[in-house]
Amino acid sequence: MVRHFVRRAGLGSCALLAGLMLVTGAMAHEGHDHGASTPPQVTTLAPRAEAASADFELVAVLREGTLAIHLDRFADNAPVDGATIEMDTPEGAQTARPMAPGTYVVAAPFAAKPGAHDLAFTVTDGGTVDVLATTLTVPAAPAPAAPRAAPAALALLGGLPLGLLAGVVIGFLAAIVLMSLRRRSAALVLAAGLGLAASLPPDAQAEDAPKPPVRDAAQRLPDGSVIVPKPSQRILGVRTIVTASASHARAVELPGRVVPDANASGLVQTAVGGRLAPPPGGFKPLGTRVAAGDILAFVHPPIGASDLKDLEQQGFELDQQIAIVKRRYERLSAIQNAVTRREVEETEIELKGLQTRRATLERVQREPEALRAPVAGVIATSDAVAGQMADPNTVVFRIIDPDRLWVEALGFSPDVGRSGASGRLADGRSVTLAFLGAGMSDRGQALPLQFAVTAGFEGLRPGQFLTVLAEAGAPRTGIAIPRTAVVRGANGQAIVYEHVAAERFVAREVKTEPLDAGRVLVVAGLPPDRRVVTEGAELIDQIR
């Protein structure tokens, strides 16, 4: 009887403990919602102050009692190196020392006191002197957190929490049910384990975790603007221009292809069929620069067995004739007084003619045809292999002058591009073109147009495709900006980033039209006299 009572009391106690843990773990303390995910961590910035003028833009960042001063050009955001900066503080004037290109440091002991501090910076760069005034606000140190009081709704009945009473009731009912089941011990252990797991608050460790250190990191704000600290701007290479409205010629885009200049390129072909042989030093590799007249290869004409016998027979006949004429010439030379001088000279001429014919016959058998470069340039293509049999008119080498190239485009008007044109390659590079002429016959319902590459031909090669932007039509008024300044938004809309503050950028949707190989014309969405990012816009657009 006593043993049965003790067992029931033990089971009841375990059930009470499990119910208490379940209820306590399921309760959410004030100000929390366990059903929602943890909010993203907010990145903070160190105390900073900024100032700008028509020439300079300055950002002063306070960190551990030292001001890091970042000085840039206002128009293009380029770092100003080698400048002299004097800072007027409540404690007197100080001169900043350079630390990196465009970055200067100065001690700021006055910043140990929280509050607003008025600063004035005198910047001297060459012949430019400017005074920039700003205010540095140092926040007060946060007060220590007070211990959290127990919620009033959970303290009733002599200070006992309502959750504790609910746990007692649930535990008592669970004990009654569990004692009527088989294997009660296993069930109670399972209930106690579940109660213990549920009793741990999910944010207990998050509340006790140390706060992240103050650091300067680029971030996108809820309004869509992007904060990029000055050190990050230096790493990303952010550059800007000040926009201005002007009139520009309208441009059309044409498909084009790079072709060699007809006056500075040539083919090396075989006149007769034969076997290829290398010159002294071997065949020249691709890309080798050659001069006009350089020997690139030899061609040995093939001689058949019947032709070889005929040549040998001709050689024997010539040798016999040479021997006879030579003997006659020797006899006549020995008796010059008995014969006329004309007979001696005719015999001498006949002997020289036979000897020339014999030498030519020998040269035909042994001397190959030399393949020479027709123009100066570099070897663009080569199909030469030692021992290869080449048919007549086979192209063995192609010589191209890389400094003289043309571009052939297809257009619908012979006047397109006469006033100016440029080309844009797939990698973003641009070339300057000059109009040469237009064809008279259609090619795919379009006219072939030829342009000469006048600048930017480094790295071009024949057969390379590009887009030709040729001037045509009436001028348009708008803002010309580099193509690198335009990025595509998530909806496909063209976007440019405006530099509205020293470390703040705002996206602007714009409407653009092609202008030339390196620029586009903004016709809507961007007013003049604004700073627009021209380099680094793609990287700023990736910041989240």
Side-chain angles (χ1 to χ4, degrees), residues 256-303 356 359-409 417 421-423 425 427 429-441 443 448-466 468:
R257 184 172 60 92
V258 179
V259 296
D261 187 343
N263 301 313
S265 62
L267 302 177
V268 180
Q269 296 178 282
T270 58
V272 295
R275 191 180 303 276
L276 293 179
F283 293 118
K284 293 179 172 58
L286 293 176
T288 302
R289 185 170 290 275
V290 296
D294 288 352
I295 298 178
L296 304 180
F298 290 104
V299 179
H300 293 274
I303 301 177
T356 302
T360 303
L361 184 63
E362 290 290 339
R363 187 166 58 252
V364 169
Q365 296 181 10
R366 296 193 306 267
E367 185 176 352
E369 176 191 4
L371 301 182
R372 302 178 181 271
V375 295
V378 299
I379 300 178
T381 61
S382 174
D383 292 330
V385 178
Q388 176 186 354
M389 293 298 297
D391 296 330
N393 301 325
T394 299
V395 178
V396 183
F397 299 96
R398 186 183 185 93
I399 311 299
I400 293 176
D401 188 348
D403 298 334
R404 297 177 61 182
L405 297 173
W406 288 353
V407 170
E408 186 177 273
S422 59
L425 300 172
D427 57 1
R429 293 186 296 122
S430 61
V431 296
T432 305
L433 306 177
F435 183 81
L436 293 178
M440 300 297 295
S441 59
R443 185 183 300 174
L449 307 174
Q450 283 187 339
F451 302 87
V453 180
T454 58
F457 42 74
E458 293 81 4
L460 287 182
R461 62 184 186 277
Q464 191 173 6
F465 291 97
L466 74 167
V468 177

* Quick one: does Thr454's side chain have a donor or acceptor within less than 3.5 Å of a partner on Thr432's backbone? -> yes

* Audit row: Ile399, Leu296, side-chain contact (heavy atoms from CB on, under 4.5 Å) steps and yes/no -> CA-CA 11 Å; Ile399 311 299; Leu296 304 180; 4.1 Å; yes

* With Arg429 via salt bridge (Lys or Arg N to Asp or Glu O under 4.0 Å) - residues at least two apart -> Asp427

* Arg398 side chain near Pro462 side chain, heavy-atom distance below 4.5 Å -> no

* Structure fact -> Residues at least two apart in sequence or cross-chain that pass side-chain contact (heavy atoms from CB on, under 4.5 Å) with Ala292, listed by chain then number, are none

* Nearest 0.5 Å please: distance from the CD atom of Gln388 over to the CG atom of Asp383. => 7.0 Å

* **Phe397: partners by ring pair (Phe, Tyr, Trp, His ring centres under 6.0 Å), with sequence neighbours left out** => none

* **Set of side-chain contact (heavy atoms from CB on, under 4.5 Å) partners for Val378, sequence neighbours left out** => Arg289, Pro402

* To do: For Asp294, enumerate each residue passing the side-chain contact (heavy atoms from CB on, under 4.5 Å) test, keeping only those at least two apart in sequence or located in another chain.
  => Val290, Ala291

* **Residues forming a side-chain contact (heavy atoms from CB on, under 4.5 Å) with Glu408, sequence neighbours excluded** => Arg257, Val259, Arg443, Gln450

* To do: State the CG-CG distance between Leu436 and Leu449, to the nearest 0.5 angstrom.
  => 10.5 Å

* What distance separates Asp401 CG from Asn263 CG, expressed to the nearest 0.5 Å? -> 11.0 Å

* Structure fact -> Applying ring pair (Phe, Tyr, Trp, His ring centres under 6.0 Å) to Phe435 and not counting sequence neighbours gives Phe451

* Any idea which heavy atoms bring Val468 and Gly256 closest together, and the distance? -> CG2-CA, 4.2 Å

Contacts under 3.5 angstrom, residues 264-284 side chains, donor-acceptor by atom type, not counting sequence neighbours:
{"from": "Ser265", "atom 1": "OG", "to": "Asp261", "atom 2": "O", "distance (Å)": "2.8"}
{"from": "Gln269", "atom 1": "NE2", "to": "Asn393", "atom 2": "O", "distance (Å)": "2.9"}
{"from": "Thr270", "atom 1": "OG1", "to": "Asp391", "atom 2": "O", "distance (Å)": "2.7"}
{"from": "Thr270", "atom 1": "OG1", "to": "Thr394", "atom 2": "N", "distance (Å)": "3.4"}
{"from": "Arg275", "atom 1": "NH1", "to": "Gly387", "atom 2": "O", "distance (Å)": "3.1"}

* Asked: What heavy-atom pair brings Ala380 and Leu286 nearest, and what distance separates the two atoms?
  -> O-CD2, 3.5 Å

